[in-house]
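Below, all heavy atoms of this structure are taken into account, side chains as well, without hydrogens, waters or symmetry copies. Quantities reported herein were computed from a predicted structural model and do not represent experimental measurements. We name chains A, B, ... by the order of the sequence lines, and we start the count at 1 in each one.
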Number of protein chains: 2
Amino acid sequence: MRAPTERQSASETRDRILDAAEALFVEHGFEATTMRMITSRADANIAAVNYHFGSKDALIQEVFKRRLTELNRRRLAALDRQEAEAGGAPLKPSRIVEAFFGTALEMAADTAHGGHTFMRLLGRTYTEPNGFVRQFLAEEYAEAVERFLAALYRALPDVPREEILWRFHFMMGAMSYAIAGTDALQLFAGKFDDAAPERLLPRLMSFLLGGLRAPLPGQGVPGENGRGAPTRQ
Amino acid sequence: MRAPTERQSASETRDRILDAAEALFVEHGFEATTMRMITSRADANIAAVNYHFGSKDALIQEVFKRRLTELNRRRLAALDRQEAEAGGAPLKPSRIVEAFFGTALEMAADTAHGGHTFMRLLGRTYTEPNGFVRQFLAEEYAEAVERFLAALYRALPDVPREEILWRFHFMMGAMSYAIAGTDALQLFAGKFDDAAPERLLPRLMSFLLGGLRAPLPGQGVPGENGRGAPTRQ
DNA sequence: GTCTATAGTGGGATAGAC
DNA sequence: GTCTATCCCACTATAGAC
């Protein structure tokens, strides 16, 4: 048996490649990241990616699958917990929003496990036009989105479902930028010093809930439901 | 003189290249879009890009400059108009938000002039890691962001400036997704049929204002200013 | 499972005729 | 200002030795 200090085991090589790829994809994007960059950063051979993953595209998919499955597992677990506590009653919107977006930010705060890196990548990828990655995201997300939307529909029975759908979409955008975070912010505001990550979650939550519960368009007075007929149930 | 039907004039070739590049960048991203794709779509020769712009990177910059200058010109004009009407008094947040984000959505609705295509590209590019494009965006945006932030600081004197900065950032995210729009939405919600663009603006505005005016984090009760000390002025 | 060497492809850019 | 032909380079992927 060889000393494990010099060369790590095979499975570790695989993980190092995934970590390196993840970081480089964030930094440079998918296309601009080359196999040579990945393998050199992972301290592996140029042929290792093809050996372990088969192709660059397959590697990209693995980078996502590794974290996304876990993220949505946690999200659904958080939702389950809330629903168990509520015992059949509709949840408060704030609980639902926290289970979905709070879990994501939690994972983004977990720098030790590459959470931050990945969440930035994920946020960016939604709006990116990369065919097979989007297809893949859609599949991985289907179940979670389904359940969270259903919870929101129950929580806000007076709000038209399409309005909720759009607001969910807007919230995703806000979250994406929240995680992309300081980098993008400094782009137009150098004088920015309070980037404390532990304050990000409450900041984002206030904003999201304010947006989610805002008066419907075409209604001047909050609380009063004029047009915008409630959907059934 | 030649018949102008067969081959368009030189300046038109330049514009066709810009249009083609813009559309292809949205569809495939910067890296994945090749010179050959651009020139063939623009019905121009492969050498034309280098003749007119010097390089692919310079072309990318031109694609942005062409529309961004106009967008921010309109935004500042809208702000000027509001400030003239207010005659020295602080503006209502809704007016400021509309001047900034409404103008962008207006431009996005202007499909005839490639507005929609460009706004999608712009929204995506914020979070993209393309070095020289970001640098460039920062410069083009500096003046407009400066003035709009100042207006928001005046409009919301009790809200800490950093909070406003973050919320402005979140609003940018929501807008970006709003414009990316249906494409991304359908990714996780097939049953989505009300994509009427004329309804997008009021939808987004309600959401943004709800978020902007949400109670500050750490304050349970809206309207009551406990912690989160007002910044000076 | 790791490596070197290389095949094969497609990119951006340009020289030079028209 | 437009075009063809081509150069040169960097990339992914693989064959085959170890």
Whether the side chain of [X] engages the backbone of [Y] through a donor-acceptor N/O pair (distance < 3.5 Å, no angle test) should be reported.
X: A/His116; Y: A/Asp110; value: no
X: B/Arg167; Y: B/Ala214; value: yes
X: B/Arg41; Y: B/Ala21; value: no

Does C/dT2 have OP1 or OP2 sitting under 4.0 Å from an N or O in the side chain of A/Thr13?
yes
What's the [atom1]-[atom2] distance between [X] and [N], to the nearest Å?
X: B/Glu31; N: D/dC11; atom1: CD; atom2: P; result: 11 Å
X: B/Glu12; N: D/dG1; atom1: CD; atom2: P; result: 13 Å
X: B/Ile17; N: D/dG1; atom1: CD1; atom2: P; result: 12 Å
X: A/Arg14; N: C/dG1; atom1: CZ; atom2: C1'; result: 14 Å
X: B/Lys56; N: C/dG10; atom1: NZ; atom2: P; result: 16 Å
X: A/Ile38; N: D/dC11; atom1: CD1; atom2: C1'; result: 12 Å
X: B/Met35; N: D/dT4; atom1: CE; atom2: P; result: 16 Å
X: B/Tyr51; N: C/dA17; atom1: OH; atom2: C1'; result: 16 Å

A/Phe132 ring center near A/Phe30 ring center (under 6.0 Å):
no
Is the count of non-hydrogen atoms from other residues, nucleotides or ligands lying under 6.0 Å from A/Glu70 atom CD greater than 12?
yes
Identify all pairs in which a protein N or O lies below 3.5 Å from an N or O of nucleotides 4-6 of chain C, and state each distance.
unit_1 : atom_1 : unit_2  : atom_2 : d
C/dT4  : OP2    : A/Asn45 : ND2    : 3.2

Taking for each residue the nucleotide of DNA chain D bearing the nearest heavy atom, is the 5' side occupied by A/Thr34 or by A/Asn50?
A/Thr34
Nearest non-hydrogen partners of A/Ala104 and A/Arg75, listed with the distance
CB-NH2, 3.4 Å
Using the closest heavy atom to pick a nucleotide of DNA chain C for each, name whichever of A/Ala48 or B/Met37 lands nearer the 5' end.
A/Ala48
Taking the side chain as every heavy atom from C-beta outward, state whether A/Leu165 and A/Leu152 have any pair of such atoms under 4.5 Å apart.
no
At 4.0 Å (heavy atoms only), tell me whether A/Thr33 reaches a base, stays on the sugar-phosphate, or touches nothing.
sugar-phosphate
